[in-house]
Participant: 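Here's a structure for you.
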Amino acid sequence: MRKWQEELDELAQRRALAEQMGGPDKVARQHRDGKLTVRERVQALTDPGSFHEVGALAGRAEYDADGHLTGFLPANCVFGRGLVQGRPVVVVGDDFTVRGGSADATIRDKPIMAERMAAELRLPIIRVIEGSGGGGSVKTIETTGRANLPGGVGGTYHYFHTTDNLARVPVVGLGLGSVAGLGAARLTASHYSIMTKRSAMFVAGPPVVARLGQSLTKEQLGGWEIQTRAGAVDDAVDDEPAAFARAAQFLSYLPSSVHELPPLSECTDDPARPVPHLLDMIPKDTKGLYKMRPIVEALVDAGSFFEMGRHFGRGLITGMARLSGIPVGIMASDPFFAAGSWGADECQKIIRFLDFAATFHLPMVYLMDCPGFSVGLQAERTATIRWGVRAMTAMNQSPLPFCTIIVRNAFGVAAVVQQPAGRYSMRYAWPSARWGSLPLEGGIEAAYRAELDASEDPAAKLAEIETRLQKLRSPFRTAETFLVEDIIDPVHTRRLLNEYARLARRTLSPGPVSFGMRP
């Protein structure tokens, strides 16, 4: 018998008890609900055999009169280090089988250490969230004999690290069940958040909301359609394996921390590949619709476009892609939604995305078709112009290299926000581009009212004026005075974007980004 065999046996016994989580009944219930346990999730997320758990032996033990271990309930936070596609990451997950993931069944230092580990080892962190994860349930008052002061003495560390890591390392949040309170905050305090379509997220759940007179199911209150359209969660997928795959794909574009540049990938797609028929996709009718996503996908490295936040601020498409294997940030107008105009939601989307791209050193590409800020009563009620100015501020403070392709519209104050002001950025226009202080349509009648009223045939006069102005509005007239740098045949756009990406990469420096006054 080995000298320390008794201790090794006890270690094995304690690990086995920890791996039972909340017990066979609770595990079976998790599976009946179509969900994996936290340990199954961690194993599915990380490369086989790579996960090293920290603090598995922490929990509440029971002993007999002789001091022998008789039972053990593990803390409901599981965390450690593992590999995702060969890269080290930190994974921290809630164990819903132990008191529904509530914080009164965990040890507060475990999630804090996970966040500190990610920050100080400069590793991405993936939070697997199911439960409240806050200060405990209402019963906690009775079990502790006191009320918890949120953020009281010694109680701010978790909150600090949860948000501070946003400026340090990539943070992914996975909502894989009912997520409430601090759990909801941890999910949204991420660079990319995903929920399954069977999950729900809310500040407070249906029983609390019912006290306000609103009787709602979990899905009605905080289901995926609610949260992705509100912009609280970035993406929703059908099941947990799909969420794990999206998390891994997201991280593949990013450095492990702000102290590195994004990783390069081998590019098998010809950087100079011509892209014919792009101009044919743009209708001659200025009110005509077209699909922007196929244009994005045709210009970037094949299969590399990764969209983020598709259901929020739908007049603007955001995501990541690769050009010559170099990760870049993508913004593109979507004329299918309010003609691609910027409302309050689109402006908020821009602010957050530019912050994210600058944090992780992603050169920006903007495919522009923006007729201006949204107008009308709803635009005024949502303070569109204030959000628009904040988006402009975010753009002007961005330290990133920028390349803008003016695909079609560029009108009004929103058109000014094409690239950071005050420094050099690349810009190309397609022959389909049209711009001005405001569109001619709808403005001619006001500007030429006296001339139209004096005409014997106002309709013919209006057509005459419009024809004259349309010729003056030609983008080539603007190019003559060097108010636009270059008008190109769209077939060459991919080649020029790849040149830009290679030049932009040379200007990037790893390290934390200073924004001055944030928008």
Side-chain angles (χ1 to χ4, degrees), residues 272-302 305 307 310 313-319 321 323 328 330-343 346 350 364-374 402-412 414-419 425-444 466-467 469-480 483-500:
R273 167 174 55 81
V275 187
H277 312 306
L278 283 178
L279 199 57
D280 294 336
M281 300 174 70
I282 313 300
K284 280 276 191 176
D285 179 0
T286 57
K287 296 181 181 179
L289 300 178
Y290 64 94
K291 294 182 179 180
M292 181 63 84
R293 287 178 180 83
I295 294 177
V296 174
E297 291 165 354
L299 292 173
V300 301
D301 294 352
F305 181 52
E307 186 170 356
R310 180 167 187 156
R314 300 181 76 179
L316 188 78
I317 299 164
T318 55
L323 291 165
V328 297
I330 298 286
M331 294 197 324
S333 304
D334 191 344
F336 265 81
F337 295 93
S341 61
W342 285 8
E346 284 77 13
I350 290 164
M364 285 298 306
V365 173
Y366 178 24
L367 300 180
M368 181 181 192
D369 182 354
C370 179
F373 290 124
S374 297
F402 247 83
C403 183
T404 301
I405 308 294
I406 306 177
V407 175
R408 187 166 65 172
N409 291 316
F411 288 99
V416 177
V417 197
Q418 298 175 28
Q419 57 196 79
S425 296
M426 290 187 182
R427 177 169 49 196
Y428 301 98
W430 287 1
S432 52
R434 50 197 295 271
W435 42 63
S437 297
L438 72 166
L440 294 182
E441 296 78 12
I444 297 176
E466 185 169 346
T467 299
L469 295 181
Q470 290 287 9
K471 290 180 179 178
L472 292 173
R473 191 173 64 178
S474 164
F476 301 113
R477 294 288 189 109
T478 305
E480 289 172 4
L483 287 175
V484 66
E485 298 89 332
D486 207 353
I487 299 175
I488 62 169
D489 183 338
V491 73
H492 303 304
T493 307
R494 173 169 164 78
R495 174 177 60 81
L496 292 169
L497 286 178
N498 276 277
E499 179 206 27
Y500 155 74

Participant: Distance from T318 atom OG1 to I330 atom CD1, nearest 0.5 Å?
Facilitator: 10.5 Å
Participant: Of all the heavy-atom pairs spanning S341 and P371, show the shortest one and how long it is.
Facilitator: N-CD, 3.7 Å
Participant: Can you measure from CE (M281) to CH2 (W430) and round to the nearest 0.5 angstrom?
Facilitator: 8.0 Å
Participant: Minimum heavy-atom separation for L367 to M292, with atom names?
Facilitator: O-CE, 4.1 Å
Participant: With no hydrogens and no angle check, is any side-chain donor or acceptor of S333 less than 3.5 Å from a backbone partner on G340?
Facilitator: no
Participant: Would you say I282 and I295 make side-chain contact, with heavy atoms under 4.5 Å?
Facilitator: yes
Participant: What pair of heavy atoms forms the shortest contact from A272 to R495, and how long is it?
Facilitator: CA-CB, 4.1 Å
Participant: To the nearest 0.5 Å, how far apart are CZ in R310 and CG in D334?
Facilitator: 8.0 Å
Participant: Would a distance-only check, ignoring hydrogens and angles, find a side-chain to backbone donor-acceptor pair under 3.5 Å from R273 to A298?
Facilitator: yes
Participant: Could you go step by step and tell me if D301 and N498 meet the side chain to side chain contact (heavy atoms under 4.5 Å, CB included) rule?
Facilitator: CA-CA 9 Å; D301 294 352; N498 276 277; 4.1 Å; yes
Participant: Nearest heavy-atom pair of P431 and I487: which atoms, and what distance?
Facilitator: N-CG2, 4.0 Å
Participant: Quick one: closest heavy-atom pair of R408 and G288, and the distance?
Facilitator: NH1-O, 2.9 Å
Participant: First locate atom CD of E485, then atom CD1 of I406, and finally report the distance between them rounded to the nearest 0.5 Å.
Facilitator: 8.0 Å
Participant: Any side-chain heavy-atom pair from D489 and L278 closer than 4.5 angstrom?
Facilitator: no
Participant: Hey, is the main chain of L299 close enough, under 3.5 Å, to the side chain of R494 for a donor-acceptor pair?
Facilitator: yes
Participant: Treating Q419 as the side-chain partner and F402 as the backbone partner, does any N or O pair qualify as donor plus acceptor under 3.5 Å?
Facilitator: no
Participant: Nearest 0.5 Å, please: how far is CD in E346 from CZ in R314?
Facilitator: 10.5 Å
Participant: Can you confirm whether T493 sits close enough to V275 that some side-chain heavy atom of one is under 4.5 Å from a side-chain heavy atom of the other?
Facilitator: no
Participant: Are the side chains of Y290 and V407 in contact, using a 4.5 Å heavy-atom criterion?
Facilitator: yes
Participant: Check whether any side-chain heavy atom of I350 sits under 4.5 Å from a side-chain heavy atom of M331, and report yes or no.
Facilitator: yes
Participant: Less than 4.0 angstrom from a charged side-chain N to a carboxylate O is my criterion; do R434 and D369 meet it?
Facilitator: no
Participant: Does the side chain of L497 come within less than 4.5 Å of C403's, by heavy atoms?
Facilitator: yes
Participant: Short question: side chain of Y500, backbone of R427 - any donor-acceptor pair under 3.5 Å?
Facilitator: no
Participant: CD1/I317 to CZ/F305 distance, rounded to the nearest 0.5 angstrom?
Facilitator: 6.0 Å
Participant: Tell me, do L496 and D486 make a side-chain contact under 4.5 Å, heavy atoms counted?
Facilitator: no
